[in-house]
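Everything on this sheet refers to the single structure shown next.
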Amino acid sequence: MKHKNVFKSGAIASEFIGESIAKHQSKTNIGAHNIFLGQVRADVINGRTIAAIEYTAYEDMANAKFHEIREAAFNKFDLTCMHIYHSLGKVKAGEICLFVFVSSPHRKVVFEALEFLVERIKSDVPVFGKEYFEDKTHQWKVNK
Amino acid sequence: MKHKNVFKSGAIASEFIGESIAKHQSKTNIGAHNIFLGQVRADVINGRTIAAIEYTAYEDMANAKFHEIREAAFNKFDLTCMHIYHSLGKVKAGEICLFVFVSSPHRKVVFEALEFLVERIKSDVPVFGKEYFEDKTHQWKVNK
Amino acid sequence: MTIKVKYFGQIAEVTGIQEEFVKFSGVTLMELVGKLSQKYPDLEKKSFQMAQNKELVSLDSKLTGDEIAFLPPFAGG
Amino acid sequence: MTIKVKYFGQIAEVTGIQEEFVKFSGVTLMELVGKLSQKYPDLEKKSFQMAQNKELVSLDSKLTGDEIAFLPPFAGG
């Protein structure tokens with residue numbers, strides 16, 4: 001089974017996020033949007049600073065998992081819209097690598113739904129992150 | 001005491017939100033952003049459809065309350081950034097009237113902080129909404 | 001004393017004005033509300049909170065001479 | 001049977017390749033891991049989960065002939 005592709009090559013542009021918000025203005029039953037953005041941090045580890053993360057994924061499985069998570073959220077919460085985008089490839093410190101966007105008539109629902117989605121994405125989706133330091137050495141990112 | 005002005009005239013543009021996100025790319029200690037957007041709903045009440053809400057406020061008191069709420073959130077949560085914008089004047093159905101934006105190194109904090117802020121804004125800030133129906137009659141909005 | 005009184009939203013709809021100066025010699029906000037209710041009979045049908053010097057206060061608070069506001073239910077966001 | 005095996009992230013760093021076809025006559029994933037650990041000795045030092053046919057499975061699962069993947073800790077978002 002072929003699922004919708006959640007992945008985008010490289011960083012997620014702020015203009016793309018703005019346009020995605022604009023597209024919802026015709027959906028006049030929406031009262032509340034909630035957006036989560038993951039941004040790559042320039043963490044300093046033993047004196048070395050992270051310059052970028054290179055994301056790879058088991059893409060077929062990841063898209064299937066994203067689909068499962070979407071379905072679970074639609075079943076659990078009264079959502080009008082839901083959009084998920086994740087970067088693949090290199091994303092520099094300060095750039096956005098994850099964009100999760102939920103909309104509903106009422107606000108209570110979007111808070112619960114967004115946190116549910118982000119936690120499930122972090123724990124269930126086979127995405128891997130190679131953290132490059134400024135000196136070109138690297139380590140592997142592990143979600144907490 | 002004069003506080004920062006949270007109010008913007010008319011709807012909040014999606015481009016403004018995109019630009020606001022872009023400005024945070026230089027803050028490389030941020031790992032997570034969370035954004036709440038309030039959008040005017042075209043609710044149907046006894047056969048009449050809401051076309052717009054006209055917002056007014058006790059502006060001095062409202063800005064003082066926004067300031068209090070911001071301070072409370074900064075004290076309570078480890079936030080890197082916080083931005084709040086609220087519309088005054090007419091905002092049409094489908095347009096955005098509230099934009100709350102929090103950023104932190106870690107995701108747990110932004111979920112809690114954003115919900116705290118939105119609930120406090122809804123309950124504590126003297127903003128009033130005149131809901132115009134398409135037939136030009138009106139009623140007054142009351143937050144639940 | 002002379003008190004600046006502000007009306008908002010559906011309260012301003014009832015009073016027909018948004019702001020006025022009221023000469024008044026009473027002690028509490030309650031008394032001021034009583035006086036203004038004679039001028040604006042529909043005021044008592046409305047639900048409102050009151051602010052003095054931009055802080056919510058109860059009706060038995062003493063008038064300080066600061067700005068008074070009639071605030072209908074909040075509807076922000 | 002011939003099994004398609006995929007390696008990701010730091011596992012692919014250890015194997016030096018991202019994908020290969022392995023001829024194998026064993027029964028469980030555990031046996032497959034044993035065979036591959038002889039080929040890639042550093043594999044056993046790494047922590048990983050395994051997927052068969054794109055679903056996480058335990059090491060004592062039976063091999064079905066579907067695609068197998070070695071998945072290091074997830075790091076999405």
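Residue numbering restarts at 1 for every chain, and letters A, B, ... go by the order of the sequence lines.
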Between His138(B) and Tyr132(B), what is the ring plane arrangement, given parallel below 30°, perpendicular above 60°, and tilted in between?
tilted

I'd like to verify something: which residue of Asn34(B), Asp43(B), Asn29(B) has the highest number of heavy-atom pairs under 4.5 Å with chain A?
Asn34(B)

Answer yes or no: is there an ion pair linking Glu119(B) with Lys108(A), defined by an N-O contact shorter than 4.0 Å?
yes

Report the option among Gly94(A), Ala42(A), Gly18(A) that has the most heavy-atom pairs separated by less than 4.5 Å from atoms of chain B.
Gly94(A)

Is it the side chain or the backbone of Ile17(A) that comes within 4.5 Å of chain B heavy atoms, both, or neither?
side chain

With a 4.5 Å cut-off on side-chain heavy atoms, are Thr28(A) and Arg41(B) touching?
no

Heavy-atom proximity to chain B below 4.5 Å, by part of Phe111(A):
side chain

Going through the distances and angles, do Tyr55(A) and His86(A) end up as a ring-ring contact (aromatic ring centres under 6.0 Å, His included)?
CA-CA 9 Å; Tyr55(A) 286 104; His86(A) 198 296; 5.1 Å; yes

Verdict with reasoning, Tyr85(B) to Phe101(B), per side chain to side chain contact (heavy atoms under 4.5 Å, CB included):
CA-CA 9 Å; Tyr85(B) 300 95; Phe101(B) 185 178; over 6 Å; no

Please classify the contact between Val110(B) and chain A as side chain, backbone, both or neither, with a heavy-atom cut-off of under 4.5 Å.
side chain

Selection from Cys97(B), Ala22(B), Ser14(B), Ala93(B) maximising heavy-atom pairs under 4.5 Å formed with chain A
Ser14(B)

Can you name the one residue among Glu54(B), Lys8(B), Glu59(B) that meets side-chain contact (heavy atoms from CB on, under 4.5 Å) with Leu88(B)?
Glu59(B)

Counting heavy-atom pairs under 4.5 Å with chain B, the top scorer among Ser26(A), Pro105(A), Ser20(A) is Pro105(A)

Measuring heavy-atom distances to chain A, does Leu98(B) have an atom under 4.5 Å in its side chain, in its backbone, in both, or in neither?
neither

Just give me the residue among Glu15(A), His24(A), Lys27(A) that pairs up with chain B most often, heavy atom to heavy atom, under 4.5 Å.
His24(A)

Answer yes or no: does atom NZ of Lys122(B) have more than 12 heavy-atom neighbours from other residues, nucleotides or ligands under 6.0 Å?
yes

